[in-house]
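Right, one structure below, let's go through it.
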Amino acid sequence: MPFVRGGFMRGVKTGVLVLGLTALAACSSGGGPRTFQTQEPGGGFNLFGLGGGGKKAGAAGANQPAIGVNGYLWRATLDTLSFMPLASADPYGGVVITDWYVNPEKPDERFKCTVYILDSRLRADGLNVAVFKQSKDAAGNWVDAPSAGQTETDLENAILTKARQLRLSNIG
């Protein structure tokens with residue numbers, strides 16, 4: 001059998017193409033599009049009002065984008081952590097990440113917080129706070145140190161209290 005130039009690569013390309021099409025076909029779901037939040041039929045992807053659409057909203061909220069988490073928890077998180085520099089805030093995923101904060105009274109330690117808002121309802125279990133602490137060693141380098149577990153609980157309680165206050169101020 002004579003050597004066919006490029007025969008092996010042609011087979012590899014064909015295999016990759018078939019594998020890619022199979023993976024793409026596996027992504028489709030029968031029964032129409034579903035929204036990520038509710039998993040109900042009729043949602044779909046809507047990028048800046050173009051394309052698939054979604055459930056029809058009332059006239060009041062037709063042009064306002066909705067965040068994927070509880071608005072009171074989101075606002076309370078930003079207000080509570082406003083003394084720390086903000087590194088990242090994702091209102092659709094419900095994640096707030098602060099940058100390192102050094103207390104002027106204790107310049108040899110610094111803190112960083114990550115807050116996960118897990119629910120669209122105002123509930124105590126819809127919030128998770130992670131606090132990271134670093135201390136300076138003798139050489140002046142930052143070294144990870146354990147933070148007090150009560151710090152995370154205190155931050156969660158402060159955020160929840162602020163969220164309840166915001167909710168009550170909007171109701172009454």
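Computed from a prediction, not measured in an experiment: that's the story for all the values here.
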In Å, rounded to the nearest 0.5 Å, how long is the span from OG1 of T77 to OH of Y72?
14.5 Å
Answer with yes or no whether the hydrophobic clustering places V143 together with W100; edges join I, L, V, M, F, W, Y residues whose side-chain heavy atoms lie under 4.5 Å apart.
no
Without swapping roles, check the side chain of E152 against the backbone of V131 for a donor-acceptor pair under 3.5 Å.
yes
Please report the interatomic distance CG(N103) to CZ(F83), rounded to the nearest 0.5 Å.
9.0 Å
F111 CZ: over 12 foreign heavy atoms closer than 6.0 Å
yes
N128 vs E156 side-chain heavy atoms within contact, under 4.5 Å:
yes
Where do A76 and I159 come nearest, in terms of heavy atoms and distance?
CB-O, 3.3 Å
Heavy-atom pair with the smallest gap, counting every atom of K133 and S135:
CE-OG, 4.0 Å
For the atom pair CZ (R167) and CG (N70), what is the distance rounded to the nearest 0.5 Å?
9.0 Å
Verify, without hydrogens or angle tests, whether T114 (side chain) and A130 (backbone) share a donor-acceptor contact under 3.5 angstrom.
no
Heavy-atom distance under 4.5 Å between the side chains of D125 and L118, does that happen here?
no
Non-hydrogen side-chain atoms of F132 and S147 separated by less than 4.5 Å:
no
Is there a continuous path of hydrophobic side-chain contacts, each under 4.5 Å between heavy atoms, that joins L81 to L78?
yes
Using the rule that Ile, Leu, Val, Met, Phe, Trp and Tyr join whenever any side-chain heavy atoms are under 4.5 Å apart, tell me whether W142 and Y101 fall into a single cluster.
no
Straight-line distance of R110 CZ to M84 CE, nearest 0.5 Å
11.0 Å
Report the distance from atom CD1 of I97 to atom NZ of K112, rounding to the nearest 0.5 Å.
7.0 Å
Passes side-chain contact (heavy atoms from CB on, under 4.5 Å), D119 versus L127? Steps please.
CA-CA 8 Å; D119 202 343; L127 187 67; over 6 Å; no
Given side-chain contact (heavy atoms from CB on, under 4.5 Å), test L73 with V115 step by step and report yes or no.
CA-CA 10 Å; L73 283 175; V115 178; over 6 Å; no
What is the minimum heavy-atom distance between Q134 and D144, and which atoms define it?
NE2-OD1, 2.9 Å
Work out which heavy atom in Y116 is nearest to a heavy atom in V95; give both atom names and the distance.
CD2-CG2, 3.9 Å
Nearest-0.5 Å distance that lies between atom OG1 in T161 and atom CG in D154:
10.5 Å
I need the minimum non-hydrogen distance between L166 and S169, along with the two atoms involved.
O-OG, 2.8 Å
